[in-house]
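Have a look at the structure below before the remarks.
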Amino acid sequence: MDKNISSSSSSSSSSSSSSSSYFKLGDHHVKPSQKVGEQIKQRRFAFQTRSQVDILDDGYRWRKYGEKSVKNNKFPRSYYRCSYRGCNVKKQIQRHSKDEEIVVTTYEGTHSHPVEKTSES
DNA sequence: CGGGTTTGACCTGCGC
DNA sequence: GCGCAGGTCAAACCCG
């Protein structure tokens, strides 16, 4: 089921701790006076992971296209994009400012191609 | 050789 | 009108 991430759009309810920081989801540069019939194109799905490395391999190929520092965070944010031709899925990785071991991964869009690494024993 | 990664520059939108 | 912030792209370099 882990590989079936591209489906649910609901944010992860992994807020086990008390405060789970701010999670601003659902606010991009979308014009409100645009085609109403046009549904949300890219679903956003974010979840946190406790790992020392931010290179989370979900089975897809990612190509880094930028790195920018974020306010409130001493660590820079990494911008990744799916490699597959025709797959315009984006992924962002950000680290916590207080807990360096907490990595926040934000997926933008849904994959429309089979996974390459089906490393599921 | 190919793919992926890196860093700086560039562009756009918004605020003042 | 200009400055700032955030985001994206591109050229070069490195590794397998």
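Below, chain A is the first sequence line, B the second, and so on; all start at residue 1.
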Practice item. Report yes if at least one side-chain N or O of A:Ser83 is closer than 4.0 Å to OP1 or OP2 of B:dG3; otherwise report no. Key: no

Point to revise | Distance, rounded to the nearest Å, where A:Tyr79 contributes OH and C:dA5 contributes C1' | key: 11 Å

Check your understanding: Under 4.0 Å between a side-chain N or O of A:Arg61 and OP1 or OP2 of B:dG4?
Key -> yes

Review point. Which whole-number value in Å describes the distance from A:Asp54 CG to B:dT5 C1'?
Key: 13 Å

Exercise for review: Look at A:Arg81 and C:dC9 and indicate whether a side-chain polar atom (N or O) is within less than 4.0 Å of OP1 or OP2.
Suggested key: yes

Point to revise | A:Lys64 NZ - C:dC9 P separation (whole Å) | key: 16 Å

Practice item. Starting at atom OH of A:Tyr80, determine the distance to atom P of B:dG4, rounded to an integer number of angstrom. Key: 12 Å

Review point. Taking atom C1' of C:dG7 as reference, at what distance in whole Å does atom CD of A:Gln94 sit?
Key: 14 Å

Review point. Is it true that the side chains of A:Arg77 and A:Tyr79 contain a donor and an acceptor less than 3.5 Å apart?
Key: yes

Review point. Counting just side-chain N and O atoms, does A:Arg77 come under 4.0 Å of either OP1 or OP2 of C:dG7?
Key: yes

Check your understanding: Which sits closer to the 5' end of DNA chain B, A:Arg63 or A:Lys68, going by the nucleotide each is nearest to?
Key -> A:Arg63

Review point. Within less than 4.0 Å of OP1 or OP2 of C:dT8, is there a side-chain N or O belonging to A:Tyr65?
Key: yes

Study note, to complete from the structure: In whole angstroms, the gap separating P of B:dG8 from CD of A:Glu67 amounts to 10 Å

